[in-house]
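Everything below concerns the one structure shown next.
Treat the numbers as computed from the prediction; the structure is a model and nothing was measured. Chain letters run A, B, ... following the sequence lines, proteins first, then strands; residues in each count from 1. What you see below is based on every heavy atom in this structure, not just the backbone, and it leaves out hydrogens, waters and symmetry mates.
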Amino acid sequence: MANLRISEWRKLPVSLAELCLDTTLRCGQSFRWKKFNNEEWSCALHGRILSLKQDDTHLHYRSIRPNNTSSLSPPASAKTSVLDALNEDEETEALIKQYLNFTPDLTSLYEQWSSVDANFKKRAPKFTGVRILKQDAWEALVGFICSSNNNIVRISQMVHNLCLHYGPLIGHIDDQAFHDFPPAEALTGPKVEGHLRELGFGYRAGYIAKTAKIVAKEKPEGWLESLCNHSHDPDQKPPQGGREGYRTAHEELLHLQGVGPKVADCVCLMGLGWGEAVPVDTHVWQIAQRDYKFGKGKHKSLTKTTYDAVGDYFRQLWGIEAGWAHSVLFAADLKTFSERLTTKVEVDIDEVKIKKEDGNVVESKVTIKREYLVDEVKDEFEDEKPNGVVIDGRSRRAKRRRVV
DNA sequence: CCTCGCCCTTGAGC
DNA sequence: AGCTCAAGGGCGA
């Protein structure tokens with residue numbers, strides 16, 4: 001609304017292979033990004049509203065900041081405000097590079113994964129540019145506590161409500177309020193659990209309230225962030241079970257309320273930067289059964305040991321950034337993106353019209369076009385079938401007869 | 001170690 | 001209209 005500083009649009013050279021905003025921001029990693037004008041993504045982050053859009057060659061960004069944050073700094077002359085703007089632009093750029101996690105080279109990673117995994121090679125082409133975000137660890141933790149027995153739409157609604165009631169207001173875009181994510185301390189009050197229940201969080205209300213208390217009061221300042229990964233070595237092969245730092249982070253997170261192996265792995269991967277974390281949820285478990293021969297013998301059901309076995313299998317298959325590859329297949333399995341897996345096929349239909357005009361029978365044969373949706377990625381067994389598209393069990397070249 | 005019932009809520013499918 | 005079920009699980013017995 002009033003008193004907002006809107007920066008100019010700036011841009012970074014980024015290809016669609018390195019980042020696809022639409023897939024990355026909608027695949028259930030983060031729950032707060034909102035799309036405007038069918039191209040512009042916005043989210044309140046670190047005291048500003050960040051907006052992103054992209055074309056074939058560049059990522060465009062700008063920030064919107066409240067004007068009253070500089071109350072502590074000396075009155076700004078024209079000169080210093082220009083400097084501030086420059087610093088702010090640099091800072092925003094740094095935030096983007098951090099948040100979008102630009103260090104790993106996705107293009108070569110996709111090549112690598114495709115060369116060792118035929119299934120990945122088959123499914124990935126429609127889901128390029130899926131990056132693992134490096135989100136704030138606390139936000140990731142709360143978001144994924146909300147995710148249990150839940151769907152992305154409702155999780156987003158819950159997180160939105162959480163920010164609305166407990167997060168600081170940053171500003172508005174077109175009547176839309178943007179609140180930052182609330183810090184853990186903001187969720188330690190005695191009425192939080194009951195309030196969250198009223199807001200529809202269900203049994204997760206207790207988890208969040210308790211976890212907030214543990215993080216804000218029992219653990220030392222900066223504890224969550226201390227579990228972060230700082231190294232980046234793309235050629236490293238992860239040891240069995242992952243690197244030491246990942247294992248400790250995972251173990252530590254399990255002590256929190258509402259955090260089991262899956263949620264802990266989500267936080268490790270998307271909030272703490274541990275690329276080898278492979279969250280195995282119902283979707284990934286189904287993928288493991290469908291495409292990687294799990295679900296039989298020793299690993300019939302998703303027990304803790306099976307959970308670890310699935311993660312270890314993907315780590316040895318895909319390498320140190322296994323969690324990144326996993327997210328590509330996860331996205332490829334989401335119903336949200338299912339339209340990408342079908343392709344419109346134009347089918348010729350021979351239509352024979354029989355017109356009766358004054359007793360005369362006029363027959364004319366017309367060929368009309370019709371569009372059908374056909375699955376592109378077929379199952380293993382279907383690849384063996386002879387050529388020829390089959391639509392709903394009917395043959396491709398249908399014939400119809402109609403009397404006009 | 002594995003298995004189950006339970007936990008909240010919403011929407012889809014029937 | 002009412003029921004079941006799944007939606008990116010976790011916990012306790």
Please list every donor-acceptor pair under 3.5 Å in which a side-chain atom of residues 208-218 of chain A meets a protein atom from a residue at least two apart or in another chain.
{"from": "T211(A)", "atom 1": "OG1", "to": "Y207(A)", "atom 2": "O", "distance (Å)": "3.0"}
{"from": "T211(A)", "atom 1": "OG1", "to": "Q257(A)", "atom 2": "N", "distance (Å)": "3.3"}
{"from": "T211(A)", "atom 1": "OG1", "to": "Q257(A)", "atom 2": "O", "distance (Å)": "2.7"}

Using distance only, find each side-chain donor-acceptor pair of residues 273-281 of chain A under 3.5 Å and give its atom names and separation, not counting sequence neighbours.
{"from": "W274(A)", "atom 1": "NE1", "to": "L227(A)", "atom 2": "O", "distance (Å)": "2.8"}
{"from": "E276(A)", "atom 1": "OE1", "to": "R243(A)", "atom 2": "NE", "distance (Å)": "3.4"}
{"from": "E276(A)", "atom 1": "OE1", "to": "R243(A)", "atom 2": "NH2", "distance (Å)": "2.6"}
{"from": "E276(A)", "atom 1": "OE2", "to": "R243(A)", "atom 2": "N", "distance (Å)": "2.9"}
{"from": "E276(A)", "atom 1": "OE2", "to": "R243(A)", "atom 2": "NE", "distance (Å)": "2.8"}
{"from": "D281(A)", "atom 1": "OD1", "to": "H283(A)", "atom 2": "N", "distance (Å)": "2.8"}
{"from": "D281(A)", "atom 1": "OD1", "to": "V284(A)", "atom 2": "N", "distance (Å)": "2.8"}

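Residues from residues 295-314 of chain A lying near DNA chain C, meaning a heavy-atom separation below 4.0 Å, are absent.
Annotation: F31(A) is in aromatic contact with F144(A) [ring centroid separation under 6.0 Å]. The aromatic ring centres of Y110(A) and W318(A) sit 6.0 Å or more apart. Aromatic pair H299(A)/F294(A): ring centres closer than 6.0 Å.
Bounding nucleotides for the chain A contact on DNA chain B, 5' to 3', at a heavy-atom distance below 4.0 Å, are dC2(B) to dT9(B).
Using a 30° and 60° split on the angle between ring planes, H60(A) and H58(A) fall in the tilted class, from 30° to 60°. Aromatic ring pairs are classed by plane angle as parallel below 30°, tilted from 30° to 60° and perpendicular above 60°; the pair F36(A) and F178(A) is tilted.
In this view, T107(A) and E18(A) satisfy the side-chain hydrogen bond (donor to acceptor under 3.5 Å, both in side chains) rule, not counting sequence neighbours. Taking N151(A) as the reference, nothing meets the side-chain hydrogen bond (donor to acceptor under 3.5 Å, both in side chains) condition, with sequence neighbours excluded. Contacts of H195(A) classified as ring pair (Phe, Tyr, Trp, His ring centres under 6.0 Å), with partners at least two apart in sequence or in another chain: H165(A), Y166(A). Judged as a side-chain hydrogen bond (donor to acceptor under 3.5 Å, both in side chains), and not counting sequence neighbours, K300(A) has no contacts. Applying the side-chain hydrogen bond (donor to acceptor under 3.5 Å, both in side chains) rule to R48(A) yields the partners E91(A), T92(A); only residues at least two apart in sequence or on another chain are considered.
Annotation: ring-ring contact (aromatic ring centres under 6.0 Å, His included) contacts involving residues 218-257 of chain A, sequence neighbours excluded, comprise Y246(A)-H250(A).
Across dC2(B) and dG8(C), the matching P atoms stand 25 Å from one another, rounded to whole Å. dG2(C) and dC8(B) are spaced 24 Å apart, taking the P atom of each and rounding to whole Å. With P as the reference atom, dC1(B) and dG9(C) are 24 Å apart, rounded to whole Å.
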Dot-bracket pairing map - DNA chain C, Watson-Crick plus G-U, both contacts under 3.5 Å, | cross-strand: .||||||.|||||

I need a per-nucleotide contact map over nucleotides 2-11 of chain C, read 5' to 3'. Cutoff is protein heavy atoms under 4.0 Å; write B for the base, S for backbone only, - otherwise. -----BBBSS

